Amino acid sequence: NLEAIELNRSVESVLVTGGGGFLGGVIVRMMLAEGARVSSFSREIYPDLEALGVKQFEGDLRDRNAFFTASKGIDVVFHTAAKAGGWGKYQDYFDINVKGTENVIAGCRYHQVSRLIYTSSPSVVFDRGDKAGIDESAPYATRFQTHYPATKAMAEQAVRKVGRDGFATISLRPHLIWGPGDNHLVPRILNRAKRLRRIGDGSNLVDTTYIDNAAFAHVLAARKLKENRTLSGNVYFISQGTPILLWEMVDHILAAAGKDPVKGHVSPRVAWVAGAILEGIYKLLHLSSEPFMTRFGATELSTSHWFDISAARRDLGYEPKISTEEGLSRLARWLKTQAIT
């Protein structure tokens, strides 16, 4: 049947690094809904992906050969996998975030993958000051307080460079992704609820991104890059579109879990010094767990960081589909089913 053959040829083959993760998992489901053939490259095999019929490759981003095997015959790669967090050895961050991304780029180019959509982070432009309403013209930070943004900046620059050199790429910078299935931001807030104190006067505004909106931005980027190759090499901030008071958002997340709002406060300076002392103690004692407070954490929790997303709206047609209010309702319903509460 020639018609069926042509239809099969039009179906794109998609690979998601970190397909079993928070963001990667939602991208997987969105691409399946679009009729794509979806594969996942992760460090383990996930039963829920297997149930969806997703082809899974078990491997490590640091293993170039493993990724080369997974990327054969792929049209679009969504590279969401990374080493996140604000604590750990520099070499681990570098090997996964930088070398791993270089392996992804090499595999994509070797197999002539059509497009690469890279998940970056707004933290690549963060220093110790406020970032209020900035756009993509903002320069990379010259000094980083932790290894995650430093290595994500290097990886993003590598993706942007090849994007201007004949290989189609787009880098997205979604900020503070949250929602049902969150295994990072929401658990951190809930697990520390009793010890949390507001840092500063509480007037700092931040952008956040509901998980479905973050994933949809990736899907849009892949679509638009196929239609318009001149977008290659571009980077875009992604968010809910309207900043919110950081500590108000923290209280909303606590309320979604039936917990009390944050009480008490400390000055940014006290929090920063406490973070520096704790970092020193943890390093001295060779503790692998993350300190309750770090210098990076103190800065992030006391400064404004929100962004102008007009470029994403213009070039990608991005508009957050799920409001913060609706997202919080969905989060509350999900949390009722979780032991995390």
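This structure is a prediction, so every number in the text was calculated from the model and none was measured. Reckoned from all heavy atoms, side chains included, excluding hydrogens, waters and symmetry mates.
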### Task
For the pair Arg295 and Glu279, evaluate salt bridge (Lys or Arg N to Asp or Glu O under 4.0 Å) and give the outcome as yes or no after the intermediate values.
CA-CA 8 Å; Arg295 289 171 294 174; Glu279 287 178 38; 2.8 Å; yes
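- Taking hydrophobic clusters as Ile, Leu, Val, Met, Phe, Trp and Tyr residues chained together by side-chain heavy-atom distances below 4.5 Å, Val14 shares a cluster with Leu172.
- Between Leu328 and Ala256 the shortest heavy-atom distance is O-CB, 4.3 Å.
- A cation-pi contact, defined as under 6.0 Å to the ring centre and within 45° of the axis, links Arg173 to Phe237.
- Contact check for Leu245 versus Leu205: side-chain heavy atoms found under the 4.5 Å cut-off.
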### Task
Evaluate the side-chain hydrogen bond (donor to acceptor under 3.5 Å, both in side chains) criterion for residues His79 and Thr17: first the C-alpha distance (whole Å), next the side-chain angles of each, then the deciding distance (0.1 Å), finally the verdict.
CA-CA 5 Å; His79 180 28; Thr17 70; 2.8 Å; yes
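- Between Phe94 and Met154, the closest side-chain pair of non-hydrogen atoms falls below 4.5 Å.
- Taken from CD1 in Ile253 to CG in Leu185, the straight-line distance is 5.0 Å, to the nearest 0.5 Å.
- A donor-acceptor pair is defined here as one N or O able to donate and one able to accept, closer than 3.5 Å; no such pair exists between the side chain of Trp334 and the backbone of Gly179.
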### Task
Check the pair Ser40, Gln56 against side-chain hydrogen bond (donor to acceptor under 3.5 Å, both in side chains), reporting the backbone distance first and the verdict last.
CA-CA 5 Å; Ser40 169; Gln56 298 187 71; 5.0 Å; no
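- Nearest heavy atom pair, residue Val186 against residue Leu335, reads CG1-CD2, 4.3 Å.
- With ring centers used as reference points, Phe126 lies under 6.0 Å from His305.
- Residues Val125 and Ala138 share a closest heavy-atom pair of CG1-O, 4.0 Å.
- With respect to the salt-bridge test (charged N to carboxylate O, under 4.0 angstrom), the residues Lys55 and Glu50 do not qualify.
- With a 4.5 Å cut-off on side-chain heavy atoms, Leu301 and Trp247 count as touching.
- Between the CD1 atom of Ile170 and the CG atom of Asn234 there is a distance of 6.5 Å, given to the nearest 0.5 Å.
- Salt bridge annotation for Glu156-Lys152: absent, with no cationic side-chain nitrogen under 4.0 angstrom from a carboxylate oxygen.
- Taking the ring centre of Phe307 as origin, the terminal cationic atom of Lys131 falls outside the region bounded by 6.0 Å and 45° from the ring axis.
- One finds the CD atom of Glu136 at 7.0 Å from the OG atom of Ser310 (value rounded to the nearest 0.5 Å).
- With Asp212 as the fixed residue, the salt bridge (Lys or Arg N to Asp or Glu O under 4.0 Å) test singles out one of Arg330, Lys321, Arg29: Arg330.
- Between Arg115 and Lys226, some side-chain heavy-atom pair lies under the 4.5 Å cut-off.
- None of Asp92, Asp95, Asn97 except one satisfies the side-chain hydrogen bond (donor to acceptor under 3.5 Å, both in side chains) rule with Thr151; the exception is Asn97.
- Between Asn103 atom CG and Phe67 atom CZ the span is 8.5 Å, to the nearest 0.5 Å.
- Heavy-atom contacts from other residues, nucleotides or ligands closer than 6.0 Å to NZ of Lys83 number more than 12.
- For the atom pair Tyr210 OH and Asn213 CG, the distance stands at 8.5 Å (nearest 0.5 Å).
- Ile117 and Val26 end up in the same hydrophobic cluster when Ile, Leu, Val, Met, Phe, Trp and Tyr side chains are linked at under 4.5 Å.
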